[in-house]
Amino acid sequence: MDLTFSDSDLSFRKEVVSFLDNEYPTDIKEKQDKRIPLEKEEIIRWQKILHNKGWFAINWPTEFSGYKELSVTEKYILQEELAKANTPTTIPFGMGMCAPVIYSFGTEDQKEKHLPSILNSDIWWCQGYSEPGSGSDLASLKTKAELVDDKYIVNGTKTWTTLAQHADWIFCLVRTETTPIKQEGISFLLIDMSTPGIEVKPIITIDGSHEVNMVYLDNVEVPKENLIGEEGQGWNIAKFLLAHERSGIAGIAALKRELKRLKELSSEIPLGEGSLLEDSQFRSKIEETEIELTATEFTELRTLAAMSQGGSPGAESSILKIKGTELQQTISELFVEMLGYYAHPFYLENEIGSNETVGPDYAAPVMPHYLNYRKVSIYGGSNEIQRNVISKAILGL
Amino acid sequence: MDFTFNEEQTMIQDQVEQFIQKEYDWETRQELSNSDLGFGANNWKIFAELGWLGIAISEDNGGFGGSSIETMLIMEEFGKGLVVEPFLETIVMSSGLLDQYGTDEQKSEVIGSVISGEMHLALAYAEPQSRFNLSDVVTEAKVDGRNFVINGFKSVVMNGPSANKFIISARTSGKQLDKKGISLFLVDSDVTGLTRTDYKTVDGRKASDLNLENVSVPSESLIGSLDEGFNILDESIDRSILAISAEAVGAMEVLYKTTVEYTKTREQFGTPIGKFQVLQHRMVDMFMEYEQCKSLLYMATMKNEEGAPDAKKAISGLKYQVGKAGKFVGQQAVQLHGGMGVTDELNVGHYFKRLTTIGTIFGNADFHLKQYTSL
Ligand SMILES: Cc1cc2nc3c(=O)[nH]c(=O)nc-3n(C[C@H](O)[C@H](O)[C@H](O)COP(=O)(O)OP(=O)(O)OC[C@H]3O[C@@H](n4cnc5c(N)ncnc54)[C@H](O)[C@@H]3O)c2cc1C
Ligand SMILES: Cc1cc2nc3c(=O)[nH]c(=O)nc-3n(C[C@H](O)[C@H](O)[C@H](O)COP(=O)(O)OP(=O)(O)OC[C@H]3O[C@@H](n4cnc5c(N)ncnc54)[C@H](O)[C@@H]3O)c2cc1C
């Protein structure tokens, strides 16, 4: 047991800090610091900068990324510094989700076709799993793909598809066969969003933003070579992916930054003769959150350490998902509480950061963020489902 | 002990319930909320015609002399319909205060027009630094001949955009946090020096920030006695807490019932999700939170009506519970609806948002727990 960083870790941290000083674009930084939602172009620009440094697809095997391998500790340091500097969250659908499937199950042709454009952030992916009738019970999905000659004809409706309005490609779970065990008839299919028959309709969420969509597929023709693996292997691929999404799932580094910011801002809010941070009730909520956060951080580190010794992440990632999302929600709630009445004035995405907003200059995004983050305990396997997973897989119930 | 309502009260309750059912379906509510005015001008007329606007005003001043029980019943039904008309702001927060403490001139100028639905009011008490402390007042009113000159800033004044007159708290003596030395003024919204910044609030209503720069008002604008405005304000906020808590109880009832209905019809894993015990227990907790709030609401309303010595403590206890329960019920209603719960289209998210603002308005759970301890 040892909690200290080695000399080489420390010099790696210095390298990250100086990279950020030099390469983090000031226009993006300014928007990030004001919590103004970024444009697609800005996210892509930042991802390219990370990629050029070899710090974008850090969890890919180096034979596909061409990067220098980072140790578990270095990845931890990198994520911590990126979050500390409040750099944009990278979009996971291509780099973190679709690519691992492609390099693990895809053909040479598929790897060649898709991995470079994902690495370069030239192609934007979205995830087409959920359907109106299939949320928690994903395996009941009905979107049908029928092989006719050398093409799949796809029909069905996907929903809650995050950022589909920006996506060039979608990776889908589709039903290629009706089988007694519903999981066995599912396949993993890549679909070009510009194919005729695809329609994307916005779903507006309670924060007033357009982040998710309905995706209608009407006789969409998909070349057979876009199937990943074998027909019927889709469910296993999806399960593999869930297990793969472990590192950073709890978003610890960003939570630490936000908690620190909460302390700083609340120390500037007057309350009687002191500050809100000095208020015993508010203060103890912050401390409780900090303890829970530290516990979650070390649960994550223990999991990562076990994995680097060759262990496989199992239901542990469910603990991280539950605890991480609960912390995200708690902290977003404390920001609302901190603001008092000034959490109530409501602005749409495009008004945030304009000088028309009232109250403290950081106020406008706080309530939308709180509302938006109700999603984190629902998506990616709801927290109820994650608890079911733990009770089955770990407790043996 | 008697928890039944008298005949008139039951009649009002039925009347409001029917209005919501017949005239206030969800699409209508959304249209009104998104309109420029932010509520239904015609609905306001209906409220006036049905006598709701004057229900709690004394008979001497042209009202019906009802009690805070009637207000509670109206607000509870409004909570069920998520009504956006500013009954709380114009009627409960503002006109009640004038009814009791206004000068004859102020009453004759204002109360009749409020009851007839022609005039809107707003109570401007909060300031950027004040948080929930009513006695934290920096805005200043200085005597200038026969006038007062007001300078300062008021935050998040609910119903600000529609108000014809504001009731503004200002310091006429003492230090920033003193209770003594606060005075209340009745000020026309179009007075020189008053600038409004209007905006929507997250609960689908409207509010304003007020900048007051050398606003000169005649000395007749003073409500009650000089330097003695705090108690008037405090009483009015207590009544308003009772009213907004009733609204919250109505909203919670709709949320727990809607959630129960949804989980009976939404199927996953080949069964209605309402069959999962973890969700059943969650909904049982939502239901119990609602019931507990309702109990405290009745208790505190009656204590306030009777002028019981511990009425203030009861009101803080109620607001604490409403803050806590409203958050739980709102968040869980969203959670149990899954993705549907976070959509703008479904009403659930909007009830959740209103419960969120109610949790803050007039002091959040922390604030009232502290009040409760100190009383
Ligand atoms: C903002 C947002 C973004 C999303 N992005 C994407 C995306 O990009 N791609 C994609 O494919 N999907 C996406 N999703 C969909 C997400 O994965 C689903 O919402 C999620 O799986 C839950 O499904 P559901 O919404 O149908 O809720 P339901 O499955 O109907 O669940 C409703 C409630 O019942 C509970 N429940 C269900 N089953 C059980 C059980 N067995 N035991 C106990 N409780 C249970 C749930 O926890 C929930 O509280 C997104 C969702 C949201 C809200
Ligand atoms: C101090 C004490 C005094 C008592 N006095 C009396 C008495 O005077 N007369 C008498 O007849 N009995 C008495 N009892 C017994 C008491 O009624 C039982 O303990 C009780 O019914 C629970 O039964 P159990 O102990 O067998 O626990 P179990 O029934 O085995 O329950 C164990 C746990 O499982 C939970 N559980 C069980 N079924 C479900 C379900 N369907 N869904 C969810 N959770 C479930 C329970 O809530 C509990 O947490 C007493 C018990 C105690 C502790």
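Source: prediction; values computed, not measured.
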Out of curiosity, [X] [atom1] to [Y] [atom2], how far, rounded to the nearest 0.5 Å?
| X | Y | atom1 | atom2 | value |
| --- | --- | --- | --- | --- |
| A/Glu384 | B/Ile273 | CD | CD1 | 9.0 Å |
| A/Glu351 | B/Lys200 | CD | NZ | 9.0 Å |
| A/His344 | B/Thr356 | NE2 | OG1 | 8.0 Å |
| B/Asp344 | A/Thr205 | CG | OG1 | 8.0 Å |
| A/Ile203 | B/Met340 | CD1 | CE | 8.0 Å |

For this session: Show the numbers, then the answer: is there a side chain to side chain contact (heavy atoms under 4.5 Å, CB included) between B/Arg131 and A/Tyr342?
Result: CA-CA 9 Å; B/Arg131 209 166 167 81; A/Tyr342 273 122; over 6 Å; no

Proximity breakdown for [X] and chain A, heavy-atom pairs closer than 4.5 Å:
| X | value |
| --- | --- |
| B/Phe362 | both |
| B/Ser155 | both |
| B/Asn133 | neither |
| B/Arg205 | neither |
| B/Tyr199 | side chain |
| B/Lys370 | both |
| B/Ala207 | neither |
| B/Leu279 | side chain |

For this session: Could you check if a side-chain atom of A/Tyr341 sits within less than 4.5 angstrom of a side-chain atom of B/Thr357, using non-hydrogen atoms only?
Result: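 No, their side chains stay 4.5 Å or more apart.
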
Problem set entry | Any side-chain heavy-atom pair of A/Val212 and B/Val342 under 4.5 Å |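 A side-chain contact is absent here, since even the closest heavy-atom pair is not under 4.5 Å.
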
For this session: With side chain to side chain contact (heavy atoms under 4.5 Å, CB included) as the test, would you mind laying out the steps for A/Leu271 and B/Phe367 before giving the verdict?
Result: CA-CA 11 Å; A/Leu271 184 68; B/Phe367 176 81; over 6 Å; no

Problem set entry | B/Lys353 vs A/Met367, side chain to side chain contact (heavy atoms under 4.5 Å, CB included): CA-CA, chis, key distance, verdict | CA-CA 10 Å; B/Lys353 290 197 261 189; A/Met367 181 63 86; over 6 Å; no

For this session: Test side chain to side chain contact (heavy atoms under 4.5 Å, CB included) on A/Ile204 and B/Glu345 and set out the steps.
Result: CA-CA 7 Å; A/Ile204 304 302; B/Glu345 192 190 343; over 6 Å; no

Give a yes or no on this: more than 12 heavy atoms of other residues, nucleotides or ligands lie within 6.0 Å of atom [atom1] of [X].
| X | atom1 | value |
| --- | --- | --- |
| B/Lys179 | NZ | no |
| A/Glu273 | CD | no |
| B/Phe276 | CZ | yes |
| A/Lys285 | NZ | yes |
| A/Ile181 | CD1 | no |
| A/Glu356 | CD | no |
| B/Glu213 | CD | no |

Exercise. Hey, what's the ring geometry for A/Tyr370 with B/Phe352, parallel, tilted or perpendicular (30° and 60° as the breaks)?
Worked result: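 The rings of A/Tyr370 and B/Phe352 sit tilted, inter-plane angle from 30° to 60°.
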
For residues [X] and [Y], report the shortest heavy-atom separation together with the two atoms involved.
| X | Y | answer |
| --- | --- | --- |
| A/Asp137 | B/Gln268 | N-OE1, 2.8 Å |
| A/Ile378 | B/Gln335 | CG1-OE1, 3.5 Å |
| A/Glu337 | B/Asp366 | OE2-OD2, 3.5 Å |

For this session: Could I get the full list of side chain to side chain donor-acceptor pair (under 3.5 Å) partners for B/Ser35, not counting sequence neighbours?
Result: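 Side chain to side chain donor-acceptor pair (under 3.5 Å) check on B/Ser35 returns nothing, list empty.
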
Exercise. What residue in A/Pro132, A/Ser382, A/Ser136, A/Pro270 has the most heavy-atom pairs under 4.5 Å with chain B?
Worked result: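 Winner by heavy-atom pair count: A/Ser136.
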
Exercise. Is it the backbone or the side chain of A/Leu348 that comes under 4.5 Å from a heavy atom of chain B, or both, or neither?
Worked result: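 Neither part; nothing is under 4.5 Å.
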
Problem set entry | Any residue meeting side-chain contact (heavy atoms from CB on, under 4.5 Å) with B/Gln176, in chain and number order, not counting sequence neighbours |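 Here the qualifying residues are B/Gln129, B/Asp136, B/Val138.
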
Exercise. Does a donor on one side chain sit under 3.5 Å from an acceptor on the other, for B/Gln331 and A/Glu333?
Worked result: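 Checked: B/Gln331/A/Glu333 side chains pair up, N/O donor to acceptor below 3.5 Å.
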
